[in-house]
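In what follows, a single structure is set out as structure tokens and then discussed.
No hydrogens, no waters, no symmetry mates; every other heavy atom, side chains included, goes into these values. It should be emphasised that the depicted structure is a prediction, and the values quoted were computed from it without experimental measurement.
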Amino acid sequence: MVTRLSRSIAAIGLAVIMICMFAFPTVASVAAAQPKRIINVQVIYDESFRAFALNELGENPLQRLRAALKYAAYPYERIWNVDLRFNFQTYESMLGSPYSVQPAWPDSCSALWSWQTDPQTGERYRSWNHYSDGCTCLPDDECFTDLNTPGHHNSAPRLLHEIASAIDSVPDSFYTFDATACFVGHTICLYQNEYERHRKPAGISLPAGDVLVVSAIHSFKNEDTSGQLAFYTPTENFMSNARIFQHEFSHLFSLPDALCPTDEPCIMSGGFDNIVLPYDIWCSRCKSIFNISKYDSERIPEQ
């Protein structure tokens, strides 16, 4: 297997990072024509996601992730005959502290989180500002534009790079997953050199490293016209988490953003953002270039 790090470093110039811009089907299922495939996905979720699920949604973080991804996996099975097998683990137990929480006590990234003290136990904890515009510790044009800039604490390219690098350091015989998905409970950001602009995508992926990140705080339905997050229900947020994963995961199979026929809804152009349970989410063009055999040589045989 080509090492994940060599692929991710080759891609870290950010040019190949696929950024998320983000009815029922009119095309017949093609699953019958596809052999059964198993794709193993490691799902990691950090402290910010756990805090978001518990404090903002009142739900068990792991149960919510399991439900959202079971829902998100259905079109892959229905159309491509792919069995997505998810394994769940906290970010910290797998990779240690994420960059977002690395300021040491008594410092904090005040725009993302601040230290608070529990009045009953006296213990310190991080209080997350889930809906903030993100880290302001550095100017926007220093937001991890290359490996020599530390970047904002919620920098999506930095998070992608750190995950891909960590995975690559593990022998293939131990890390047996085809792809890795990370869920966070804060905004993510990146600076695009070519456009000289700083952006906050809902998700981001690194196809060369088989890694994607989902900002779980988003809800497509109730974001206002200025692009700011507005009130949403847990159900709307649940659907959005599934849609962002489907979009970013599809990038790993070589699908680009928004090059779809105008008369065909597609997950790559936001065509299903508010549909409850679509079972065919790709347009005819995306189906024609979907690299479904990408992981065939790495697939783990079913026991």
Side-chain angles (χ1 to χ4, degrees), residues 1-8 18 25 27-45 61-91 93-95 160 163-164 166-183 203-214 238 241-255 266-268 272 277-282 286-303:
M1 182 190 302
V2 178
T3 64
R4 296 176 188 271
L5 180 57
S6 62
R7 292 183 295 179
S8 63
M18 309 297 286
V27 183
S29 169
V30 297
Q34 295 289 339
K36 183 69 175 180
R37 289 180 168 90
I38 298 168
I39 296 179
N40 297 280
V41 183
Q42 174 69 70
V43 181
I44 54 179
Y45 53 104
L62 179 56
Q63 290 179 358
R64 183 174 180 82
L65 265 184
R66 287 185 185 277
L69 291 178
K70 181 179 180 180
Y71 171 73
Y74 183 65
Y76 292 89
E77 180 182 7
R78 175 69 174 79
I79 300 302
W80 302 109
N81 203 15
V82 166
D83 181 3
L84 294 182
R85 297 192 176 179
F86 299 107
N87 183 70
F88 298 86
Q89 191 170 348
T90 65
Y91 186 106
S93 66
M94 177 176 163
L95 300 175
L160 285 176
I163 295 172
I167 290 171
D168 189 68
S169 68
V170 179
D172 292 340
S173 58
F174 288 96
Y175 196 81
T176 56
F177 300 100
D178 299 300
T180 306
C182 177
F183 284 75
I204 190 168
S205 57
L206 183 63
D210 300 307
V211 178
L212 66 93
V213 174
V214 173
F238 178 90
N241 284 188
R243 292 293 170 272
I244 297 169
F245 172 84
Q246 289 170 333
H247 178 103
E248 298 303 334
F249 195 63
S250 292
H251 277 315
L252 303 189
F253 296 90
S254 304
L255 297 192
C266 184
I267 193 66
M268 305 314 293
F272 294 95
L277 186 59
Y279 64 90
D280 185 353
I281 58 175
W282 300 277
C286 285
K287 285 181 178 176
S288 71
I289 60 176
F290 197 104
N291 183 16
I292 190 57
S293 62
K294 175 178 180 179
Y295 298 111
D296 282 1
S297 62
E298 304 174 5
R299 192 170 71 251
I300 302 170
E302 186 172 7
Q303 300 298 317

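Under the 3.5 Å distance criterion, with hydrogens and angles disregarded, no donor-acceptor pair is assigned to the side chains of Q63 and R66. Using modelled atom types, one finds no donor on one side chain facing an acceptor on the other under 3.5 Å when comparing Y175 with S169.
Considering every non-hydrogen atom in both N291 and S254, the closest pair reads CB-OG, 3.9 Å. Minimum heavy-atom separation, P75 to P278: CG-O, 3.6 Å. Residues N81 and P35 approach most closely at ND2-C, 3.5 Å, considering heavy atoms. Residue Q42 comes nearest to F177 through the heavy atom pair OE1-CE1, 3.0 Å, listed as atom of the first residue, atom of the second, then distance. Closest heavy-atom contact between C286 and L255: O-CD2, 3.3 Å. The two residues L252 and P207 come nearest to each other via the heavy atoms CD2-CA, 3.7 Å.
I44 places a side-chain heavy atom less than 4.5 Å from the side chain of I163. Between M94 and I167 the shortest side-chain heavy-atom distance falls below 4.5 Å. Looking at N87 and N40, their side chains never come closer than 4.5 Å, going by heavy atoms from C-beta outward. Here the side chains of K70 and F86 are not in contact, with every heavy-atom distance at 4.5 Å or above.
The aromatic rings of W282 and F290 sit perpendicular, their planes meeting at an angle over 60°, well past the 30° parallel limit.
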Exercise for review: Any chance you could lay out the side-chain contact (heavy atoms from CB on, under 4.5 Å) test for D83 and K36, step after step, and finish with the verdict?
Suggested key: CA-CA 8 Å; D83 181 3; K36 183 69 175 180; 3.8 Å; yes
Practice item. With side-chain contact (heavy atoms from CB on, under 4.5 Å) as the test, would you mind laying out the steps for V82 and Y295 before giving the verdict? Key: CA-CA 11 Å; V82 166; Y295 298 111; over 6 Å; no
Check your understanding: Step by step, would you call E77 with L84 a side-chain contact (heavy atoms from CB on, under 4.5 Å)?
Key -> CA-CA 8 Å; E77 180 182 7; L84 294 182; over 6 Å; no
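Using modelled atom types, no side-chain atom of R85 and backbone atom of I38 make a donor-acceptor pair closer than 3.5 Å.
F253 contributes atom CZ, which lies 9.5 Å from atom CH2 of W80 (distance to the nearest 0.5 angstrom). The CD atom of Q246 sits 12.0 Å away from atom CG of L212, with the distance rounded to the nearest 0.5 Å. I281 CD1 to K287 NZ: the interatomic distance, rounded to the nearest 0.5 Å, is 10.0 Å. Distance check: D210 CG to F249 CZ gives 9.0 Å after rounding to the nearest 0.5 Å. The structure places CG of L62 at 11.5 Å from CD of Q89, a figure rounded to the nearest 0.5 Å.
Remark: R37 engages D296 in a salt bridge, criterion side-chain N to carboxylate O under 4.0 Å.
For T90, the side chain to side chain contact (heavy atoms under 4.5 Å, CB included) partners at least two apart in sequence or on another chain are Y45, R50, E92, S93. Judged as a ring-ring contact (aromatic ring centres under 6.0 Å, His included), and not counting sequence neighbours, Y91 has no contacts.
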